[in-house]
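Okay, so here's the structure we're looking at.
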Amino acid sequence: MSNTNLYLDLNILQKVPSSNINQDGTGAPKTAYYGGVTRARVSAQSWQKAVRDFFKAENSAVGTKTKEIAELLAHELSALDGSLDEKAAMDKAIATLGAAGLKFNRDSDSGKILTSTFLTVSPVQLEKLAQYALTHDNLTDQTAKNDVTRILESDNSLDLALFGRMVPDNSVLNVNAAAQMANAISTHEIKPEYDYFTAIEDSHPEDSSNVDMLGAVEYNAAILYRYANVSVGTLANNLNNEDIVKNIVAFVKAFILSMPTSSQMTFANKTLPNYIMITLREDTPINLASAFEEPIPSKKDCIARSIKKLEDEYVVTKRFVEEPLMNVILTNHPSKFNNQAENLSKLLDRVTEALTKAMQD
C-alpha cells in the first residue's frame, strides 16, 4: 500500500505532581483556557525539546538547531583542513551557505555571524558541506548553488525529519514536519499554588531571626492529556525511505518517556504515563482533546475518569472515520478495551508489527 495516508496517533494521560515544567515569561507555569476553566499547559515546543534530548541520551544522531550555522561549518572546515585560519574558514563557510541562498547578519552584541531564524542542520549535512567547500573554489556559479542546495535537502537527521525546518531565505530548503505535537493540557481545572521559601546563612546562630533570601515560585499539579501523530508518508519522504518503522518506533518511545525538565531540581516531578493509546489509521490523524472540554472533577478518581472520557471519545470518533489498522493500550488502570500490551516493550513490538504489515500490504 501507499504510505501517503498512513498516520500513527499517540494519546497519553500522565499524572504530574507539583511542578513547573514549562514556564511563561514571568516564570509561572503555562496555562490554557479551555471548556470555561483554566488548565495546566505544556507547549509542544517544550516537549519537542525533551524528545530531542531523549534522542541524544539514546546516542541517536540528531541535528543542531542554531542561528550559528556559519560558525559550525567554519569549525568543521578547520577540523578537516588545518591550514585554514579562523577568518578564511568563516569566509568559506559563509560563501558555501550563501550558495544555498542563506543570508547572514552580524549580531551587534556578540559580534557573531547569525542567520535571521533558527536553522536545523544534520551532522551529515554539515560534514558534506565542509567536504564540498574544500574541493570547490567557485561557490558562486549555478552548479555550486544546485550542489549545496542538494546537500541541505538530503541526509536529514531523525529530529529534522520529524519536526521540520523552515528557511525564509530559500523555501526549497524547507522540510515539512512529519510529526505534529499538541500542547499538553490538564484534563481538569487547576488553580495556581505558590511555594514561599526562605534561606538562612549557615554561619548565623540558630535562633537568628535574619532571613538571607526569600522568594516564591508558582506551581501546579495535573493529569495531562498529551497527543502527537506521525505521518508515515511524510517521514518516508524526509528520510528517503530509510528505516521508517525503526525511526517511528524510536519517536514513539521518546515521546512516551521524555519530559521537559524546567524546575526539575526543585520539584523532582519526573513521572511515567499512566495510560497510553496508540492507533494506526489510513485516513486522518485525530486529536481526542474534545474528551475533556467538560473538565474532569478533580476531587477523586481523576485518572480513572480521565481514562473513561478519553476512551468514550475514541469510540464516538469511530463513527466518522474508517476502522483503524491497529489500536493498542498500555495501562495499569481499568480500561474498556481488551487490546492491551503487557509492558512498554510489548507495546513497541505491536507498533512495529502493525507498521511493517501496513507498509508491505
- prompt: Checking Thr149 side chain against Ala100 main chain: does a donor-acceptor pair fall under 3.5 Å?
  reply: no
task: Could you tell me whether the side chain of Tyr275 reaches within less than 4.5 Å of the side chain of His333, counting heavy atoms only?
output: no
CA sep, side-chain torsions, deciding dist, call: Asn183, Tyr34, side-chain contact (heavy atoms from CB on, under 4.5 Å): CA-CA 12 Å; Asn183 282 224; Tyr34 183 58; over 6 Å; no
query: Would you find a donor on one side and an acceptor on the other, under 3.5 Å apart, between the side chain of Asp243 and the backbone of Asn247?
result: no
message: Checking Leu355 against Ile244 for the side-chain contact (heavy atoms from CB on, under 4.5 Å) test, could you report, in this order, the C-alpha distance in whole Å, the side-chain angles of both residues, the deciding distance, and whether it holds?
response: CA-CA 9 Å; Leu355 281 168; Ile244 302 307; over 6 Å; no
- request: Looking only at non-hydrogen atoms, find the nearest pair between Asn156 and Leu239 and report the distance.
  value: O-CD2, 3.6 Å
- prompt: Can you check whether Ile21's main-chain N or O pairs, donor with acceptor, with Gln264's side chain at less than 3.5 Å?
  reply: no
- prompt: How far does CG of Leu134 sit from CG of Leu129, to the nearest 0.5 angstrom?
  reply: 11.0 Å
- prompt: Is the number of heavy atoms from other residues, nucleotides or ligands within 6.0 Å of NZ (Lys128) greater than 12?
  reply: no
task: Check the side chains of Asp155 and Ser122 for a donor-acceptor pair under 3.5 angstrom, ignoring hydrogens and angles.
output: no
- request: Taking Asp301 for its side chain and Ala304 for its backbone only, find out whether a donor-acceptor pair lies under 3.5 Å.
  value: no
- prompt: Under 3.5 Å, is there a donor-acceptor pair between the Tyr225 and Asn11 side chains?
  reply: yes
side-chain contact (heavy atoms from CB on, under 4.5 Å) evaluation trace for Met259 with Asn269: CA-CA 9 Å; Met259 193 171 193; Asn269 52 253; 3.9 Å; yes
field: Closest non-hydrogen atom pair, Thr317 against Leu288
entry: CG2-CD2, 3.7 Å
field: Side chains of Lys336 and Asp312 in contact at under 4.5 Å (non-hydrogen atoms)
entry: yes
field: Mutual orientation of the aromatic rings belonging to Phe251 and Phe163 [parallel < 30°, tilted 30-60°, perpendicular > 60°]
entry: perpendicular
query: CD1/Ile296 to OG/Ser306 distance, rounded to the nearest 0.5 angstrom?
result: 4.5 Å
field: Approximate separation, where rounding is to 0.5 Å, of Leu73 CG and Leu77 CG
entry: 4.5 Å
Side-chain heavy-atom pair Arg39, Thr31 within 4.5 angstrom cut-off: no
query: For atom CG of Asn138, is the number of surrounding heavy atoms from other residues, nucleotides or ligands below 6.0 Å larger than 12?
result: yes
query: Do Leu102 and Leu114 belong to the same hydrophobic cluster, where Ile, Leu, Val, Met, Phe, Trp and Tyr are linked whenever their side-chain heavy atoms lie under 4.5 Å apart, directly or via other members?
result: no
task: Would you check if the side chain of Asn274 reaches a backbone N or O of Lys15 as a donor-acceptor pair within less than 3.5 Å?
output: yes
message: Quick check: do Lys67 and Thr117 have side-chain heavy atoms less than 4.5 Å from each other?
response: no
- prompt: Is the shortest heavy-atom distance from the side chain of Met326 to the side chain of Leu8 under 4.5 Å?
  reply: yes
query: For Ala289, does its backbone N or O pair with a side-chain atom of Asn287 as donor and acceptor, under 3.5 Å?
result: yes
- request: Inspect the surroundings of NZ in Lys270 and state if more than 12 heavy atoms from other residues, nucleotides or ligands are less than 6.0 Å away.
  value: yes
statement: CG of Leu119 to CE of Met166, rounded to nearest 0.5 Å, is 10.5 Å
task: Indicate yes or no: at least one non-hydrogen side-chain atom of Arg281 is less than 4.5 angstrom from one of Glu322.
output: no
Atom CD of Glu58 with >12 non-hydrogen neighbours under 6.0 angstrom: yes
query: With hydrophobic residues grouped by side-chain heavy-atom distances under 4.5 Å, do Tyr132 and Leu80 end up in a single group?
result: yes
message: Do the side chains of Glu193 and Lys191 get close enough for a salt bridge, i.e. N-O under 4.0 angstrom?
response: no
Separation between CD of Glu353 and CG of Leu280, rounded to the nearest 0.5 Å: 12.5 Å
task: Give the ring-plane orientation class for Phe267 versus Tyr219, where under 30° counts as parallel, over 60° as perpendicular and anything between as tilted.
output: tilted
query: Quick check: are there more than 12 heavy atoms from other residues, nucleotides or ligands sitting under 6.0 Å from CD of Glu342?
result: no
- prompt: Would you say the side-chain atoms of Asn22 pair up with the backbone N or O of Ser43, donor to acceptor, closer than 3.5 Å?
  reply: yes
query: For the residue pair Asp81 and Ser83, what are the closest heavy atoms and their distance?
result: OD1-OG, 2.5 Å
query: Would Phe255 and Ile329 show up in the same hydrophobic cluster when neighbours are defined by side-chain heavy atoms closer than 4.5 Å?
result: no
query: Shortest non-hydrogen contact from Asn20 to Gly27?
result: ND2-O, 2.9 Å
- request: Could you tell me whether a side-chain N or O of Asp159 sits under 3.5 Å from a main-chain N or O of Gly63, the two making a donor and an acceptor?
  value: yes
- request: Group every Ile, Leu, Val, Met, Phe, Trp and Tyr by side-chain heavy-atom contacts under 4.5 Å, then state whether Leu348 and Met359 land in the same group.
  value: yes
- prompt: Are Arg150 and Asp147 within salt-bridge range, i.e. N to O under 4.0 Å?
  reply: yes
- prompt: More than 12 foreign heavy atoms under 6.0 Å from NZ of Lys253: is that the case here?
  reply: no
- prompt: Ignoring hydrogens and geometry, is there a side-chain-to-backbone donor-acceptor pair from Trp47 to Ala182 under 3.5 Å?
  reply: no
task: Would you indicate whether the side-chain heavy atoms of Thr271 and Pro17 approach each other to under 4.5 Å?
output: yes
field: Non-hydrogen atoms of Arg165 and Val167 that approach each other most closely
entry: CG-CG2, 3.8 Å
query: Can a donor-acceptor pair be found between the side chains of Ser345 and Asn343 at a distance below 3.5 Å?
result: no
- request: Quick one: do Asn176 and Thr234 satisfy side-chain hydrogen bond (donor to acceptor under 3.5 Å, both in side chains)? Show the steps, please.
  value: CA-CA 7 Å; Asn176 292 326; Thr234 303; over 6 Å; no
message: Please determine whether the number of non-hydrogen atoms from other residues, nucleotides or ligands lying under 6.0 Å from atom CG of Asp85 exceeds 12.
response: yes
- request: Tell me, with the steps shown, if Leu152 and Asn170 meet side-chain contact (heavy atoms from CB on, under 4.5 Å).
  value: CA-CA 11 Å; Leu152 285 169; Asn170 184 0; over 6 Å; no
query: Cut-off 3.5 Å, side chains only: do Ser231 and Asn229 have a donor facing an acceptor?
result: no
Side-chain donor or acceptor of Ser263 paired with backbone N/O of Thr266 under 3.5 Å: no
- prompt: In terms of hydrophobic clusters joined by side-chain contacts under 4.5 Å, are Tyr227 and Ile248 together?
  reply: no
message: I need the minimum non-hydrogen distance between Cys302 and Pro297, along with the two atoms involved.
response: SG-O, 4.1 Å
query: Taking atom OG1 of Thr64 and atom CG of Leu72, what is their separation to the nearest 0.5 Å?
result: 5.5 Å
message: Are the side chains of Tyr314 and Ile286 in contact, using a 4.5 Å heavy-atom criterion?
response: no
